[in-house]
Asks: 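I am attaching a structure below and will ask some questions about it afterwards.
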Amino acid sequence: VQLQASGGGLVQAGGSLRLSCAASGRTFSSYAVGWFRQAPGKEREGVSYIRRSDGAVYYAGTMRGRITISRDNAENTVYLQMSSLKPEDTAVYYCATTNMATMNPDDYHYWGQGTLVTVSS
């Protein structure tokens, strides 16, 4: 599986962005697709995941209430809609696949290259 994350960019505080994670090669056959982020000097943290079979979702505490994860299985794409962005949301955002219901990055096996989100104050 190859994952391509896109949609990042520069946005003002309070703005919105939609990130996309497109899979190529072997399609999404894993249990779930997750989004993570890593800010400079910080560890990678989980943001959300979506279960491929039925679209069930999990949101980590950090961005809960400001994000919506969705999927399009026909297009092999997962989206992360982010709103009310804050400067502390600035990070590289990654998507990845897992065979478990988890936000532990060690349990994710295929990773995209990341897309940079910069939120200005």
Side-chain angles (χ1 to χ4, degrees):
V1 177
Q2 293 82 45
L3 302 175
Q4 179 76 32
S6 62
L10 175 63
V11 63
Q12 289 187 334
S16 300
L17 280 175
R18 188 178 80 157
L19 306 183
S20 299
C21 176
S24 60
R26 188 178 178 183
T27 58
F28 284 134
S29 59
S30 53
Y31 177 87
V33 175
W35 282 98
F36 295 81
R37 68 181 188 180
Q38 188 166 20
K42 295 188 177 181
E43 293 187 353
R44 191 168 297 187
E45 65 173 341
V47 174
S48 177
Y49 72 74
I50 185 167
R51 191 161 60 195
R52 187 173 187 272
S53 60
D54 61 1
V57 302
Y58 171 83
Y59 296 111
T62 303
M63 299 188 77
R64 188 179 296 164
R66 300 188 291 125
I67 56 173
T68 302
I69 190 170
S70 61
R71 82 209 194 286
D72 183 336
N73 284 349
E75 295 295 328
N76 292 324
T77 302
V78 170
Y79 303 97
L80 185 70
Q81 179 69 47
M82 306 186 295
S83 60
S84 301
L85 286 166
K86 307 173 183 179
E88 51 264 42
D89 294 321
T90 295
V92 178
Y93 285 71
Y94 299 89
C95 59
T97 62
T98 181
N99 291 321
M100 304 170 61
T102 177
M103 282 262 67
N104 184 345
D106 292 337
D107 294 321
Y108 282 71
H109 307 293
Y110 295 100
W111 291 81
Q113 84 292 355
T115 185
L116 176 62
V117 172
T118 303
V119 184
S120 63
S121 57

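These figures come from a predicted structure and were not determined experimentally.
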Asks: Can you give me the closest heavy-atom contact between G112 and Y94, atom names plus distance?
Replies: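 Closest pair (atom of G112, atom of Y94, distance): O-CD2, 3.6 Å.
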Asks: In this structure, would M63 and V57 fall into the same cluster of hydrophobic residues linked by side-chain contacts under 4.5 Å?
Replies: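 Yes, M63 connects to V57 through the hydrophobic network.
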Asks: Quick check for you: to the nearest 0.5 Å, what is the distance between H109 atom NE2 and T98 atom OG1?
Replies: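 The OG1 atom of T98 is 5.0 Å from NE2 of H109, to the nearest 0.5 Å.
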Asks: For the residue pair R44 and W111, establish whether any side-chain heavy-atom pair is separated by less than 4.5 Å.
Replies: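 The answer is yes; the side chains approach within 4.5 Å.
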Asks: With a 6.0 Å cut-off on ring centres, are Y49 and Y108 close enough?
Replies: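 Judged by ring-centre distance (under 6.0 Å), Y49 and Y108 do not meet the cut-off.
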Asks: Do I50 and M103 belong together in a cluster built from hydrophobic side chains that touch within less than 4.5 Å?
Replies: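 The answer is no; the residues belong to distinct hydrophobic clusters.
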Asks: How far does CH2 of W35 sit from CE of M82, to the nearest 0.5 angstrom?
Replies: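 If I round to the nearest 0.5 Å, the distance is 8.0 Å.
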Asks: Yes or no on side chain to side chain contact (heavy atoms under 4.5 Å, CB included) for E45 and T62, after CA distance, side-chain angles and deciding distance?
Replies: CA-CA 9 Å; E45 65 173 341; T62 303; 3.3 Å; yes
Asks: Measure the OH-OG distance between Y93 and S6 for me, rounded to the nearest 0.5 Å.
Replies: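 That separation rounds to 15.0 Å.
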Asks: List the atom pairs, with distances to 0.1 Å, where a side-chain N or O of residues 113-121 and a protein N or O form a donor-acceptor pair under 3.5 Å, not counting sequence neighbours.
Replies:
from, atom 1, to, atom 2, distance (Å)
Q113, OE1, A5, N, 3.3
Q113, NE2, A5, O, 2.8
T115, OG1, G8, N, 3.0

Asks: Of all the heavy-atom pairs spanning Y79 and D72, show the shortest one and how long it is.
Replies: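 Result for this residue pair: CE1-CB, 4.2 Å.
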Asks: Please list every donor-acceptor pair under 3.5 Å in which a side-chain atom of residues 9-21 meets a protein atom from a residue at least two apart or in another chain.
Replies:
none

Asks: Show your working on side chain to side chain contact (heavy atoms under 4.5 Å, CB included) between N73 and R52 and close with a plain yes or no.
Replies: CA-CA 8 Å; N73 284 349; R52 187 173 187 272; 3.8 Å; yes
Asks: With a 3.5 Å distance limit and no angle check, can you tell me whether Y58 reaches the backbone of R51 through a side-chain donor-acceptor pair?
Replies: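 No, Y58 side chain to R51 backbone: no donor-acceptor pair under 3.5 Å.
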Asks: Ignoring hydrogens and angles, tell me if any N or O in the side chain of Y59 forms a donor-acceptor pair with the backbone of I69 under 3.5 Å.
Replies: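 Yes; at least one donor-acceptor contact below 3.5 Å.
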Asks: Whether the side chain of T102 engages the backbone of M100 through a donor-acceptor N/O pair (distance < 3.5 Å, no angle test) should be reported.
Replies: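 Here the side-chain-to-backbone pair does not exist.
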Asks: Distance-only, no hydrogens or angles: does the N76 side chain make a donor-acceptor pair with backbone N or O of S24 under 3.5 Å?
Replies: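 No, N76 side chain to S24 backbone: no donor-acceptor pair under 3.5 Å.
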Asks: Is there a side chain to side chain contact (heavy atoms under 4.5 Å, CB included) between C95 and V78? Walk through the geometry before answering.
Replies: CA-CA 9 Å; C95 59; V78 170; over 6 Å; no
